[in-house]
Structure formats: C-alpha cells, structure tokens
Undergrad: 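Before anything else, here's the structure in question.
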Number of protein chains: 2
Amino acid sequence: MKHKGKATSFDIAHYAGVSQSTVSRALRNSPLVNEETRRKVHEMAAKLNYKVDKNASNLRTQQSSTLALLLFEDPTTDESQINPFFLSMLGSITRACSKEGYDLLVSFQSSSQDWRADYEDSHRADGIILLGYGDYLDYQSRLQQLLDQDTKFVCWGAKVDGREDLSVSCDNYGGGQLAAKYLIEHKRTDCAFIGDASEHSPEFFARYEGFKNTFEQHNITLSERKIANAISTEDSGYHATKSLIANNISFNALFAASDLIAIGAIRALQEAGILVPNDVRVVGFDNIPAASYVSPSLTTIEQNTTLAGQMLVSNLLNLIKGEKVECTLLPPNLIVRNT
Amino acid sequence: MKHKGKATSFDIAHYAGVSQSTVSRALRNSPLVNEETRRKVHEMAAKLNYKVDKNASNLRTQQSSTLALLLFEDPTTDESQINPFFLSMLGSITRACSKEGYDLLVSFQSSSQDWRADYEDSHRADGIILLGYGDYLDYQSRLQQLLDQDTKFVCWGAKVDGREDLSVSCDNYGGGQLAAKYLIEHKRTDCAFIGDASEHSPEFFARYEGFKNTFEQHNITLSERKIANAISTEDSGYHATKSLIANNISFNALFAASDLIAIGAIRALQEAGILVPNDVRVVGFDNIPAASYVSPSLTTIEQNTTLAGQMLVSNLLNLIKGEKVECTLLPPNLIVRNT
DNA sequence: CCACATTCTGACACCGGTGTCATAATGTGG
DNA sequence: CCACATTATGACACCGGTGTCAGAATGTGG
C-alpha cells in the first residue's frame with residue numbers, strides 16, 4: 001500500500017475498484033454515488049492520505065477559493081515595523097477568510113507606483129483586498145485599470161471614483177465628531193491636530209473635517225496654525241508635536257489622526273514638561289493594542305477591526321458572486337482612558 | 001482586440017501568428033526562440049494583458065512558488081489581539097518570501113488539536129512555516145506525521161524530535177544569560193521570573209534556565225517562590241505579578257518571559273506603588289514595537305525578527321530543494337532602556 | 001552538391017482533476 | 001413481458017499551460 005509520490009484519484013480508484021470519475025464524485029459527496037461506494041472511497045482516500053490537487057481542481061473549475069490581501073505601507077516606514085492597526089486588520093481578515101472557507105495570500109507592497117495586482121489575472125485568487133492609509137490619489141489610475149479589467153476587489157479607506165460599493169471604511173468624519181464632542185464636554189476648545197489634513201490622506205482629512213466642523217457648530221474656530229503634518233508613525237507624531245512646541249504654539253487639547261501619532265505626541269509633550277491630561281488632553285484614533293499599554297493609557301476613537309475584516313471579506317465575496325454590494329461605513333466608538 | 005474572458009496563450013499565438021508552444025517558450029524567455037519572435041509575442045501578451053494561468057502552470061510543473069504560514073495562537077488569547085512579536089515575524093516572512101519570488105498563504109490556527117497542514121498535500125504550497133509559542137509538546141505527534149508524509153516544513157522555536165535542522169529559533173538560553181548578566185551588573189540579585197518555567201513552553205523554559213544558571217554561576221540561587229506563571233499577554237503578566245505582590249513576595253528585579261508580560265507586570269508594580277526601575281528593575285524579551293512606546297520604556301532582550309524571517313524562508317527553500325540545512329540559532333541582543 | 005550540424009518551430013502527450021454524456025442495472029406500472 | 005423512469009457508473013473531453021520529440025529551414029564543410 002506504500003506508494004512513491006502523492007496519491008492521485010486514479011490510485012484511489014484502483015484500490016477501491018471503481019472508476020476515477022466515481023472517486024471524484026464520491027469525495028465531493030455528490031448525491032449521484034451510492035452510499036456504500038462513497039464510504040469505500042472515503043476510507044481508501046483516508047488510508048492513502050489523499051488530498052485533492054488544488055491546481056487541477058482550480059484549473060478545471062476556474063476558481064481558486066483564495067483571496068489576496070495587498071498591504072500598502074507608508075514608504076517611509078522602516079522595514080521591520082508595520083502599522084499595528086493594519087496588522088490587526090490582517091488578523092481579522094485572515095479569520096474572516098477561513099470562516100468562509102477561503103485561503104488568504106498576503107503580500108506587502110511598498111512601492112506605490114507599480115504594485116502587483118495580477119493575482120486574479122493569473123487565477124491565483126478570486127479577488128483582492130487593498131489595505132493601506134496610502135496616498136490613494138496616486139492609485140486611482142491603477143484602480144481604474146483594475147476596474148477595466150473587471151478584477152474583483154475591495155478597498156479599505158480609499159474611495160474609488162464612482163464606485164462607492166468597492167469601499168469599506170470607518171466613518172472617519174463621525175469619529176472626528178466624537179473626538180470633538182468629548183473635548184468640548186471637557187471644556188478643552190483650544191485644540192491642535194496632528195496628522196495630514198489634506199486630501200492626500202482622505203481618511204485623516206475626514207477625521208479632521210468632522211473634528212473641525214463640530215467645533216464650528218459650537219462657534220469655535222480651530223486655528224490652522226495648530227495643525228501639524230505627520231504620517232502614521234510614533235516618530236512622526238513626536239517630531240510634529242515637538243515643532244508645535246518649539247514654535248510656542250499653545251493648546252490645551254490635541255487630536256491625533258492615529259494612535260501611533262498620539263503616542264509620539266505624548267512623548268513630546270512629556271519631554272517638554274507638559275502634563276497629560278492635566279495641561280493637554282489627548283485623543284487618538286484606531287485603538288491599537290498599545291493604546292491601552294502606554295501610560296497614561298490613551299483615550300481614543302476605536303475602529304472595529306473585527307467587523308471591518310468581516311465586511312471586507314463578505315463584500316468581496318458578494319462582488320465575486322455578482323451580487324449588489326452597498327457602500328459600507330462602520331461606526332467608530334469613543335474609548336475613554338486616561339488622556 | 002477586445003475579448004470576452006481572459007486571454008490564453010492560444011489567443012496570443014493566434015494574434016502573433018505562431019504556435020501556442022512558441023508563445024509559452026517565448027514568455028519564459030527560453031533561449032530556443034528567435035529574438036524577433038520573442039519580441040512579437042511579448043508585445044502581443046502585453047497588449048492583451050495576458051497573464052500565465054498559475055493553476056495550469058503549477059499543475060504541469062508540480063510546484064506552486066508558494067509557502068504557507070501557519071500561525072498558532074495561545075487559545076486563551078482573544079480574537080482581535082495577536083501577539084505583536086508574531087505579527088512582526090509575519091511581516092519579515094512576507095518580505096523574505098517576496099524577495100525569493102514566492103507567494104505566502106497565511107492561516108491562523110487556533111485549535112492545537114486538528115490544525116490544517118494539507119497545503120502541501122493539496123499542492124497549494126511547496127512548504128510550510130510553523131509559528132507560535134504554542135504548547136508544542138501537544139504537536140509532536142502531528143509534526144511526526146508531517147515528517148512521515150515527507151512534508152517540507154520548518155518551525156519557529158519548537159524542537160522537532162531528532163530533526164534539529166527543521167528549527168529556527170532565538171538563542172533563548174543565551175537571552176536569559178544576557179538578562180541575568182545585566183541585572184547582576186546592576187546589583188539586582190533578588191529576582192522574580194514571570195512566565196512559564198516548565199517544559200510546556202520550551203522557549204520560556206530556556207530563557208528561564210539561562211537566567212537561573214547564570215545566577216548560580218555567581219553563587220546566587222533564585223527562589224522558586226518568586227516564579228509566577230503567565231502566558232504571553234499583558235493581562236496575564238499583570239495578574240501574575242499582582243499575585244506575587246499579594247503574597248508579599250519581595251524582589252528588586254523582574255525578568256519577564258516576553259515583553260507583553262513585562263508591560264503587564266510594570267502596570268501591576270505601578271499600581272502597587274512600586275517604582276520602576278528604582279525599586280524593581282524589569283527586563284522583557286522580544287523587543288516588540290510597543291516596548292519603546294511604553295513609559296518607562298522597556299529594557300528587553302531583542303530577537304531579530306527580520307533575520308529570523310529570512311532564515312525560516314531560506315531554510316525552508318533549501319529543504320525543498322533537498323539541500324542540507326543546519327540548525328539555526330539566532331543571537332539575542334540586550335536593548336537597554338529605562339526599566 | 002551532399003552530409004551533417006544548428007536553429008527554430010509545431011504537434012502532441014501530459015499534469016490531475018471536473019462535468020457531460022452514454023449506458024448498464026434495477027425498479028415500476030400497465 | 002415490455003415501456004419507461006430511476007439510479008449508479010464509466011468513458012471521455014476539457015481546463016491552460018509545459019516538456020518532448022520530430023522535422024523544417026538554414027548554414028557549413030568537404
């Protein structure tokens with residue numbers, strides 16, 4: 001019964017005394033095969049440790065039961081550190097995939113110019129999930145190209161021109177509102193914003209807009225001078241905040257476009273002898289695991305990554321099935337801690 | 001030139017006026033095809049946006065240019081949080097794979113009983129990387145089964161009985177020595193250890209052994225009473241440390257089996273009014289990103305995840321190629337910060 | 001001009017499954 | 001006992017590439 005190489009369905013057929021066609025049907029539990037025969041085939045397959053060759057099966061059926069995840073990184077981020085928020089998304093996407101019986105191909109894309117998205121063309125995946133804070137404006141032409149090729153994909157965060165159904169994102173605008181309301185309730189109306197408040201980072205921009213507009217509804221105008229640019233790293237948040245301090249710009253609250261930025265900002269404040277939260281209250285965004293570890297622990301706007309992963313996967317699968325998909329906006333959630 | 005469905009090599013052949021065989025050869029840059037023909041074929045392939053069907057190609061060549069990563073989690077860990085150390089490994093493995101021209105299938109395995117390892121059997125991957133602190137003793141029988149089936153795989157951390165070449169790990173024993181030497185230098189010899197100092201967690205155990213033995217070489221005996229069990233989560237570290245404090249066990253230094261444990265331990269110490277590092281010095285293990293964010297920032301033993309990922313991938317590829325592979329022990333590195 | 005090597009190309013079997021069609025075996029009703 | 005439906009099975013084409021082999025076209029030397 002020992003065999004060189006892996007067993008094929010012909011081997012099972014031979015030992016079970018049936019035809020290869022019957023083996024194939026029996027293993028997929030087709031109702032066409034006799035109960036007794038099915039049992040015999042399954043038994044033999046188990047004995048020979050037979051596993052269906054996915055390449056052959058995929059080739060014939062023209063689908064792969066696999067999704068591809070493209071993770072775009074800020075090109076400035078260093079090799080070993082990956083944004084923890086996306087890692088958390090990665091975890092939930094992986095789980096959502098396996099729950100749906102799909103495998104997941106993971107690929108990190110560092111260059112924004114020529115990323116690989118040929119997973120579907122090459123029949124390696126049935127669809128693609130795009131993930132990243134990235135400067136998506138650069139990508140629109142590539143996204144359009146994917147659309148033209150009829151590639152199935154969904155995006156986190158970014159909008160695809162004219163195709164809202166391809167996006168899943170947090171209600172960033174609403175998150176900004178939550179942060180503003182929280183600070184207003186605590187009478188902190190002299191606010192700084194650390195992040196990129198331009199349309200180059202659509203997500204950060206929406207957070208800022210929701211934040212600013214809520215203040216305006218309370219007749220408070222945020223000073224443009226109190227905005228400091230930063231990408232989503234601890235280091236960048238640190239330096240941006242330092243430069244505000246160096247320029248003698250005062251504020252009693254700080255809204256950071258992401259938790260990493262907030263953590264860096266707090267470090268800068270502490271170094272300058274500014275007390276958090278007594279002198280300056282800080283609100284972050286994301287609720288990454290570290291937000292609860294740092295001290296003081298970070299007050300932040302949570303994005304539900306578990307739900308986000310599920311929505312990305314289920315929307316993509318519906319898209320593949322050709323069903324209508326709605327634009328998906330996930331509700332953010334204020335987590336009050338000690339800043 | 002528009003076409004329903006995706007283009008195949010036959011389409012290219014048709015439009016380029018050559019045979020399908022020639023197309024296949026031309027696209028793989030076989031030296032057998034004429035320069036002029038090759039150019040024509042490449043041009044037409046680009047125009048039709050043709051991509052080789054990986055299923056067909058893999059089926060024929062019997063290899064997939066894909067590796068599978070199985071990530072084992074502590075079953076107690078909650079859904080959304082994944083050990084940041086492993087996430088960091090995941091990042092470096094992904095990068096190492098793509099550098100070698102391989103794709104990576106990622107799969108989280110929560111049950112230690114019946115994990116899926118049929119990626120190779122089903123020809124979906126050429127080899128498997130196993131990653132986890134997991135209680136590997138439970139897995140030995142499964143690992144043995146993989147060996148029997150001649151499945152190509154490498155493990156992080158765990159030993160495979162009689163096959164040291166299949167493991168890549170940090171020199172955990174040496175890491176424990178580093179931690180001990182550091183504390184001895186700072187005259188902190190009354191040490192607690194938080195983690196699992198049993199053979200159920202071979203990595204933690206080795207860290208403890210290196211730590212303990214170094215103290216013994218200096219004629220200092222660590223008290224067994226000062227060991228508290230914990231798995232690698234912040235919460236577990238917090239509770240373990242709290243119970244030490246509650247039992248009035250004194251110590252002036254603490255070695256945590258992982259950074260997450262250390263971060264939890266510091267929280268427990270701070271809550272009890274114990275100053276870090278003045279009253280108790282703390283040394284962690286891993287050097288996860290958060291180690292530098294927390295305050296006070298964490299002194300820890302670094303594991304080089306970039307190198308680890310590269311070694312796992314390159315050892316696995318060598319194994320697949322049938323080459324000899326050496327057991328790989330990576331040097332740990334003391335990172336002195338503020339604890 | 002023929003023998004022979006070299007370069008290039010096409011025909012074809014093959015990888016290991018899946019789906020369709022034909023057919024054998026059995027049951028059912030008139 | 002025959003017409004017909006039902007059930008179970010095998011034969012075979014097919015998915016889209018890759019590798020082998022045969023042979024055409026051209027070049028080279030004697």
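All heavy atoms count here, side chains included; hydrogens, waters and symmetry mates do not. The chains referred to below are lettered A, B, ... by the order of the sequence lines, with proteins before strands, and numbering in each begins at 1.
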Undergrad: From C-beta outward on L59(A), which listed nucleotide comes closest to its side chain: dG10(C), dG16(C), dG17(C)?
TA: dG16(C)

Undergrad: Set out, in order, the CA-CA distance, both residues' side-chain angles and the distance that settles salt bridge (charged side-chain N to carboxylate O under 4.0 Å, His left out) for K51(A) and D53(A), then state yes or no.
TA: CA-CA 6 Å; K51(A) 292 285 153 51; D53(A) 184 317; over 6 Å; no

Undergrad: Take the protein atom CD of Q63(A) and the nucleotide atom P of dG17(C), then report the distance between them rounded to whole Å.
TA: 17 Å

Undergrad: Under the side chain to side chain contact (heavy atoms under 4.5 Å, CB included) test, which residues partner L32(A), sequence neighbours left out?
TA: R25(A), S30(A)

Undergrad: Got a donor-acceptor contact below 3.5 angstrom from the E120(B) side chain to the K152(B) backbone?
TA: yes

Undergrad: Report yes or no: do T328(B) and N315(B) form a side-chain donor-acceptor pair below 3.5 Å?
TA: yes

Undergrad: Using every non-hydrogen atom in the two residues, find where F153(A) and L319(A) come nearest and quote the distance to one decimal.
TA: O-CD2, 3.3 Å

Undergrad: Separation of H123(A) atom NE2 from dC15(D) atom P, in whole Å?
TA: 12 Å

Undergrad: When the C1' atoms of the five terminal pairs at each end define the local axes, what inter-axis angle does the helix from dC1(C)-dG30(D) to dG30(C)-dC1(D) show, to 10 degrees?
TA: 50°

Undergrad: Send over the distance from Q20(A) CD to dG10(D) P, rounded to a whole Å.
TA: 10 Å

Undergrad: If the test is side chain to side chain donor-acceptor pair (under 3.5 Å), which one of E35(B), E43(B), H42(B) qualifies with R39(B)?
TA: E43(B)

Undergrad: Does E323(A), at its CD atom, have more than 12 non-hydrogen atoms belonging to other residues, nucleotides or ligands within less than 6.0 Å?
TA: yes

Undergrad: Between T61(B) (side chain only) and S57(B) (backbone N and O only), is there a donor and an acceptor less than 3.5 Å apart?
TA: yes

Undergrad: By nearest atom, which of the nucleotides dG10(C), dG10(D), dT18(D) is closest to the S57(B) side chain?
TA: dT18(D)

Undergrad: dG16(D), dT18(C), dG16(C): which one has an atom nearest the side-chain heavy atoms of D53(B)?
TA: dG16(D)

Undergrad: Check the distance between dT18(D)'s P and F10(B)'s CZ and give it to me in whole angstrom.
TA: 11 Å

Undergrad: Less than 4.0 Å between a side-chain N and a carboxylate O, is that true for D103(B) and R124(A)?
TA: yes

Undergrad: When the nearest nucleotide of DNA chain C is assigned to G17(B) and to R60(B) on a heavy-atom basis, which residue is associated with the more 5' position?
TA: G17(B)

Undergrad: Whole angstrom is fine here: how far is it from CG in N55(B) over to P in dT18(C)?
TA: 13 Å

Undergrad: Looking at Q62(A), I'd like to know whether one of its side-chain N or O atoms comes within less than 4.0 Å of OP1 or OP2 on dG16(D).
TA: yes

Undergrad: What's the closest nucleotide to the side chain of S9(A) if the choices are dT18(D), dG17(C), dA11(C)?
TA: dG17(C)

Undergrad: Once you round it to whole Å, what is the distance between C1' of dC15(C) and NZ of K54(A)?
TA: 17 Å

Undergrad: Go through residues 21-40 of chain A and report each residue with a non-hydrogen atom lying under 4.0 Å from DNA chain C, sorted by number.
TA: S21(A), S24(A), R25(A), R28(A)

Undergrad: Whole angstrom is fine here: how far is it from CG in D11(B) over to P in dG16(D)?
TA: 9 Å

